[in-house]
A.B. asks: 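Quick one: this structure, given as structure tokens, is what I'll be asking you about.
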Amino acid sequence: MSYKFGKLAINKSELCLANVLQAGQSFRWIWDEKLNQYSTTMKIGQQEKYSVVILRQDEENEILEFVAVGDCGNQDALKTHLMKYFRLDVSLKHLFDNVWIPSDKAFAKLSPQGIRILAQEPWETLISFICSSNNNISRITRMCNSLCSNFGNLITTIDGVAYHSFPTSEELTSRATEAKLRELGFGYRAKYIIETARKLVNDKAEANITSDTTYLQSICKDAQYEDVREHLMSYNGVGPKVADCVCLMGLHMDGIVPVDVHVSRIAKRDYQISANKNHLKELRTKYNALPISRKKINLELDHIRLMLFKKWGSYAGWAQGVLFSKEIGGTSGSTTTGTIKKRKWDMIKETEAIVTKQMKLKVELSDLHIKEAKID
DNA sequence: CGGGACCCTCGAGG
DNA sequence: ACCTCGAGGGTCC
């Protein structure tokens, strides 16, 4: 079967599918080695129904090709959707040249390699990163796909591969149980997933909102980052790290750096960031003044997050993705045969050789930027 | 406030 | 070829 692909001109240095779709941000893209293309199911635009989307990158001509299977009509809608999903309003070149290189020498010897932060569906992001705790990428990938095949809806089957939707909170609540999830190998996260799904169903009902996406987006409205994180942390299995991942990749809070053990280590080693008593005291005061969280925010890690924001600016989360992707790489993504594919590091080198063309995109200065509390 | 326990897989090292 | 052991993008108690 052949499809009519839409096309989008985009430099490889601005977007490299291999570096973005298999780097541990998104866990549900399937890579077809033979056809050299990626596929997954996603909601397009404001629609609630899922479609199968196929992507491939013409590396020679630096063109992204895309198609939604079964969606003969509106290719423009998919194009618009992908522009948002890949955040093509943001120019990596601009960030490198005008923001990061001037403020951080580590960026001077790097060049844009098509690594960027995605704008993912927030509910799926929430569940995916609940699965990520104390876990490795290949297992997270399996778990995400398991949720879809066991509790999502069958969308269609292509070349023997069944594509399912990511289950909504209602679908998880009605179709899954903790015991069933444990059987499927979710371990202690089984409880977190069920309880989070249940709470979201209740929260939505209270807010009179039916869509998971819309609800999670709505918590950002008129809210500071701290409030959003606090709200996210009210779900079981969501601590500061997972909440920050949702903020960055699901709610486009570009300045948020999720601080994990790797980032913490590198921040100390390469940036000599460490919290002294005074820092900790001020942070304690700050959080004591906010509505009480039943969970603890690790003040030392929070200090690192703030210092990295200070260093890298309103796209600090992106800077972290660019800088650390090599350190925390590993394996991700599925293939059509179901085996895990090693990430192609040689692809990065290849990208490096490509001459960066001038981008006409400018950095979006959206009003959704987070207003971070400053440490004086 | 801090350290242990927590599910399960994989791969390095014996 | 087996086995064992610890880490793997944290969170809860």
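In this text, all values refer to a predicted model and were calculated from it rather than measured experimentally. Residue numbers begin at 1 in each chain, while the letters A, B, ... track the order of the sequences.
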A.B. asks: For Y188(A), give me all partners under ring-ring contact (aromatic ring centres under 6.0 Å, His included), at least two apart in sequence or on another chain.
C.D. replies: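 Partners of Y188(A) by the ring-ring contact (aromatic ring centres under 6.0 Å, His included) criterion, ordered by chain and then number, come out as Y192(A).
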A.B. asks: Please determine whether a side-chain nitrogen or oxygen atom of R142(A) lies at a distance below 4.0 Å from atom OP1 or OP2 of dC10(B).
C.D. replies: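 Result: yes.
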A.B. asks: Applying ring pair (Phe, Tyr, Trp, His ring centres under 6.0 Å) as the test, list every pair that has at least one member in residues 136-158 of chain A; sequence neighbours left out.
C.D. replies: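 Counting only pairs at least two positions apart or across chains, no ring pair (Phe, Tyr, Trp, His ring centres under 6.0 Å) contact touches residues 136-158 of chain A.
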A.B. asks: Identify, between P258(A) and Y235(A), the residue whose nearest nucleotide on DNA chain C lies closer to the 5' end.
C.D. replies: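 Checking each residue's closest nucleotide, the 5'-ward one belongs to P258(A).
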A.B. asks: Using a cut-off of less than 4.0 Å, is there contact between a side-chain N or O of K241(A) and OP1 or OP2 of dT11(C)?
C.D. replies: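 So the side chain of K241(A) is outside the cut-off, no N or O lying under 4.0 Å from OP1 or OP2 of dT11(C).
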A.B. asks: Dump every N/O contact between nucleotides 1-6 of chain B and the protein below 3.5 Å, one line per pair.
C.D. replies:
residue	atom	partner	partner atom	Å
dG2(B)	O6	K296(A)	NZ	3.2

A.B. asks: Quick check on dC12(C): is either OP1 or OP2 less than 4.0 Å from any side-chain nitrogen or oxygen of N236(A)?
C.D. replies: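 Answer yes for this pair, as a side-chain N or O of N236(A) is under 4.0 Å from OP1 or OP2.
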A.B. asks: Reading 5' to 3' and counting Watson-Crick or G-U wobble pairs with both distances under 3.5 Å, write the dot-bracket notation for DNA chain C, | for bases paired outside the strand.
C.D. replies: .|||||||.||||
A.B. asks: Test of understanding: with ring-ring contact (aromatic ring centres under 6.0 Å, His included), list the residues that count as partners of F129(A), not counting sequence neighbours.
C.D. replies: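 Listed in chain order: F27(A).
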A.B. asks: Could you tell me whether the side chain of Q25(A) and the main chain of R116(A) form a donor-acceptor pair under 3.5 Å?
C.D. replies: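 Such a contact is found between Q25(A) side chain and R116(A) backbone.
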A.B. asks: From the options dC13(C), dG9(C), dG10(C), select the nucleotide whose nearest atom is closest to the side chain of K191(A).
C.D. replies: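 So the nucleotide nearest the side chain must be dC13(C).
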A.B. asks: Could you list the donor-acceptor pairs under 3.5 angstrom formed by side chains in residues 234-245 of chain A, with sequence neighbours left out?
C.D. replies:
residue	atom	partner	partner atom	Å
S234(A)	OG	K199(A)	NZ	3.0
S234(A)	OG	H231(A)	O	2.5
Y235(A)	OH	D203(A)	OD2	2.8
Y235(A)	OH	H231(A)	NE2	3.4
N236(A)	ND2	E195(A)	OE1	2.3
D244(A)	OD1	Y225(A)	OH	2.5
D244(A)	OD2	Y225(A)	OH	3.4

